Amino acid sequence: MIEVRSSRSRFRFVIPEEWKRASYWRETGAAYLYLLPALVILSVFVFYPFFSAFRLSAFKWNVVRPPGTFIGWGNYNYIFHDKYFWRALWHTFYYVGINVPVTLFLALLVANLLNKGLRFLTFARTSYFLAYITPLVAVSMVWRWLYNWQYGLLNYFLGFFGIDLINWLGDKRFALPAVIIMSIWRYVGYEAIILLAGLQSIDKMYYEAARIDGASGLQVWRKVTVPLLTPQIFFVFVISLIGSFKVFTEIYVLFSGTPGPLKSAETLVFYIMRQGFFGTNHLGRAAAASVVLFGIIFIFTLFQLQITQKRVHYQ
Amino acid sequence: MKSWKIGVLGLVVVLLFGLLAVADDPVTITFWHAMSSRHQPNLQKLIDDFMVEYPNITVEAIYQGGYGDLQQKINAAVVAGNVPAIAQVYENWVTPIVEVLYPIGPAMTDEEKADIIDGLVGSNTYNGILYTVPFNKSIMVFYYRKDLVPTPPVTWEEYLQMAKDLTADTNDDGTIDQFGTGFRPAANPEQFLNFLDEAGGSILNEDWTEVTINNEAGLQAMEYAVSLAPYSLVTSSYMSDAFQANQVCMFIDTSAGYYYNNQAAETAGFEMGVVRVPMGPVNQRSMIQGTNLAVFDINQTQAQKDAAVLLARFLLRAENTVFWAEKGGYQPVTKSAYVTEEWESWVATHEYQQAMSAQMLDGFAQILHPNYGDIRYVIATMFEEAMLGEATPKEALDNGAAEIEALLE
């Protein structure tokens with residue numbers, strides 16, 4: 001370790017003892033050698049593109065002379081004055097704000113039911129997980145038919161409750177809710193399986209102790225299950241929050257490559273794709289919007305870490 | 001003295017062998033395309049024929065996914081300097097990369113150049129030079145259900161009237177389930193551009209200095225489109241979906257969609273007809289769609305560029321463009337192709353082709369403005385807003401025109 005001592009000179013480096021040993025360098029070198037393949041791949045496909053996006057956001061992209069002309073904050077200036085950017089941002093928050101908590105709540109419910117020891121536990125687990133492992137594009141294609149205005153199964157069932165035909169994919173009011181419903185259906189199973197694993201790893205002794213103390217079912221749930229499940233809840237929450245901010249494929253397939261009627265389901269990632277790749281090469285603007293999205297996710301994640309660190313309990 | 005002679009002799013021998021080697025040097029070129037599995041055997045057949053004729057050239061045709069994927073890969077390839085010899089391209093992909101292309105036109109005979117359909121010359125000409133050549137071209141035509149539409153509409157008025165008559169609530173549940181027609185404004189703004197051209201309008205003036213889309217002709221076109229809106233299924237999906245589900249009776253779509261639309265009709269159990277688009281106030285034209293071929297100039301040897309140009313010219317030959325059209329559902333791209341015996345007998349036995357051919361020879365192409373990608377997006381937005389009643393035709397056009405104006409600098 002490098003120590004900075006302030007006693008005499010303010011920056012005096014003290015060479016750590018272990019640095020003097022050749023074996024230390026051999027071991028460290030070997031460790032880095034093992035890490036090298038992963039580092040190289042990550043550098044090429046993750047780190048470089050990541051930093052490159054920041055640089056790109058300051059350029060007006062030119063495919064023949066990349067990266068093009070330096071325009072400083074020009075791209076940010078453009079997107080912050082673009083009403084579709086703000087709409088996309090609003091749609092994204094709307095999607096995240098409903099999708100994440102509802103999915104988590106339902107997943108908790110499902111995980112608990114599964115944990116009660118259903119007779120067909122394996123079957124139920126598999127079928128819940130099936131939604132998640134089926135390719136997203138295939139799932140979206142199926143949902144496109146489920147959502148069909150005239151012939152969709154969903155409207156057919158809603159008809160039993162006297163609800164008029166809803167033009168799920170053609171009405172700007174229902175486009176984003178349609179995406180949310182599909183996402184919830186898809187991810188409940190995945191989140192439930194993780195939570196179920198958490199539930200099953202909670203030691204029975206806590207429950208026994210609680211029961212001896214005469215705790216009611218609800219009390220056991222609130223004081224034992226939830227606190228000890230927080231690592232899994234926290235994990236699922238972070239993963240689904242980050243994933244939800246990046247929603248794109250569902251929309252692209254459900255609305256045949258368009259962002260829904262009157263762009264009513266255009267999320268931030270869709271906006272990024274549209275600027276950069278759908279017939280217009282505004283890679284600079286796309287990069288600027290990506291940086292904004294990164295900033296949002298980054299802030300949320302920091303915030304979450306701060307809050308939840310205090311509330312996550314490990315056994 | 002002797003060694004000097006031997007030296008010269010040696011040099012001559014080397015040069016001769018060198019020349020010989022150049023003449024017979026095998027060349028390999030790559031051809032990037034977006035032709036899905038249905039088209040690939042036909043494309044491969046054409047390429048095989050080409051390789052028989054030019055045995056020293058090997059063509060590797062590589063499927064790159066859909067058109068969107070192809071464009072992204074081409075752009076990435078240009079940035080990386082690792083381009084294919086030849087690729088399928090849309091007009092608006094070419095404008096940003098024209099300087100890395102190798103013009104095909106200068107290597108063609110005047111006869112070959114003059115043979116390209118008039119409507120396709122302009123859209124392949126950049127800076128006065130024929131850079132690219134048309135390849136898989138289609139044209140927007142009018143599809144309809146023969147059982148419900150005994151005589152298809154010929155004029156805008158008839159189209160509107162029929163759309164109105166056919167729109168119905170067939171199961172009496174209070175909502176319309178059969179629409180006279182249908183539109184995909186966000187996905188297919190070309191449906192509006194047809195009306196615009198038929199009304200004598202245009203997006204921009206001749207020299208691209210002024211936006212003309214919201215002039216009188218533009219307004220007439222948009223008002224007409226909006227008059228159809230109550231009788232239209234407005235969606236983003238392909239029309240064949242709604243066609244198969246008995247939700248639309250007639251619609252305007254590209255001729256390349258024939259296969260899918262016809263399949264939808266067969267599945268649903270009715271017969272489909274194809275005619276020209278209904279006649280507008282000024283003309284009966286419609287928009288040409290589909291890609292062209294471009295040869296790349298960077299990081300390719302002259303031999304590769306020459307070979308790629310040869311392939312492009314080969315595909316333009318009457319017999320080849322006819323083969324490609326018959327098998328793939330595209331339209332021949334040269335005039336001579338339309339008067340070949342083969343094509344004439346094909347048209348005679350395939351009723352729908354008559355309308356497509358007539359429409360194609362009269363088609364108009366997209367403008368080559370460098371910002372066309374953005375302009376098209378603005379048009380899609382205004383078309384959708386007007387069709388869904390979010391804005392009046394005039395508001396939609398004026399808003400869009402202002403946005404296009406900003407794209408002209």
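First the proteins, then the strands, lettered A, B, ... as listed; each starts at 1. On a predicted model such as this, the values are computed, not experimentally measured, just so you know.
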Quick one, A:V64 and B:P96 - any side-chain contact, counting heavy atoms below 4.5 Å? no
Could you go step by step and tell me if A:R274 and B:Y377 meet the side-chain contact (heavy atoms from CB on, under 4.5 Å) rule? CA-CA 10 Å; A:R274 164 159 84 77; B:Y377 199 78; 2.7 Å; yes
What part of A:P261 is in contact with chain B, defined as an atom under 4.5 angstrom from a non-hydrogen atom: side chain, backbone, both or neither? both
Which atoms form the tightest heavy-atom contact between B:T175 and A:L165, and what is the distance? OG1-CD1, 3.3 Å
Answer key: most heavy-atom pairs under 4.5 Å with chain B among A:N167, A:T280, A:L262 is A:L262
Tell me whether B:E99 is salt-bridged to A:R65, with the criterion being a basic N under 4.0 Å from an acidic carboxylate O. yes
Just how far is it from atom CZ of B:R184 to atom OG1 of A:T258, taken to the nearest 0.5 Å? 8.5 Å
With a 4.5 angstrom heavy-atom cut-off, is it the side chain or the backbone of A:K172 that approaches chain B, or both, or neither? side chain
Chain A contact via B:D241 - which portion, at a heavy-atom distance below 4.5 Å: both
Does any heavy atom of chain A fall under 4.5 Å from the side chain of B:D177, the backbone, both, or neither of them? both
If you count the non-hydrogen atoms of other residues, nucleotides and ligands that lie under 6.0 Å from OH in B:Y90, is the total more than 12? yes
For B:E385, is it the side chain, the backbone, both or neither that has a heavy atom under 4.5 Å from a heavy atom of chain A? both
Go through the atoms of B:S237 and report whether side chain, backbone, both or neither lie under 4.5 Å from a heavy atom of chain A. both
Under 4.5 Å from any heavy atom of chain B, what part of A:D164 do you find: side chain, backbone, both or neither? neither
For A:F45, does the CZ atom have more than 12 heavy-atom neighbours from other residues, nucleotides or ligands under 6.0 Å away? no
Can you tell me if B:S236 uses its side chain to pair, donor with acceptor, with the backbone of A:F255 under 3.5 Å? yes
I want to check something: taking the side chain as every heavy atom from C-beta on, are A:Y151 and B:Q247 in contact at a cut-off of under 4.5 Å? yes
Quick one: does B:N246's side chain get under 4.5 Å of A:Q150's, heavy atoms only? no
Take B:T381 and A:Y84, measure what side-chain contact (heavy atoms from CB on, under 4.5 Å) needs, and give me the verdict at the end. CA-CA 11 Å; B:T381 304; A:Y84 294 117; 3.3 Å; yes
If you tally heavy-atom pairs under 4.5 Å against chain B, which of A:S256, A:G159, A:P259 wins? A:S256
With a 4.5 Å heavy-atom cut-off, do B:L233 and A:W149 have their side chains touching? yes
With a 4.5 angstrom heavy-atom cut-off, could you sort out which part of B:I176 is near chain A: side chain, backbone, both or neither? backbone
Can you tell me how far apart CZ (A:F278) and CZ (B:R376) are? Round to the nearest 0.5 Å. 12.0 Å
Proximal component of B:L388, with respect to chain A [non-hydrogen, under 4.5 Å]: side chain
Could you please spell out the steps behind the side-chain contact (heavy atoms from CB on, under 4.5 Å) verdict for B:D374 and A:H282? CA-CA 10 Å; B:D374 293 277; A:H282 301 303; 2.6 Å; yes
Counting only heavy atoms closer than 4.5 Å, note whether B:V100 contacts chain A via side chain, backbone, both or neither. side chain
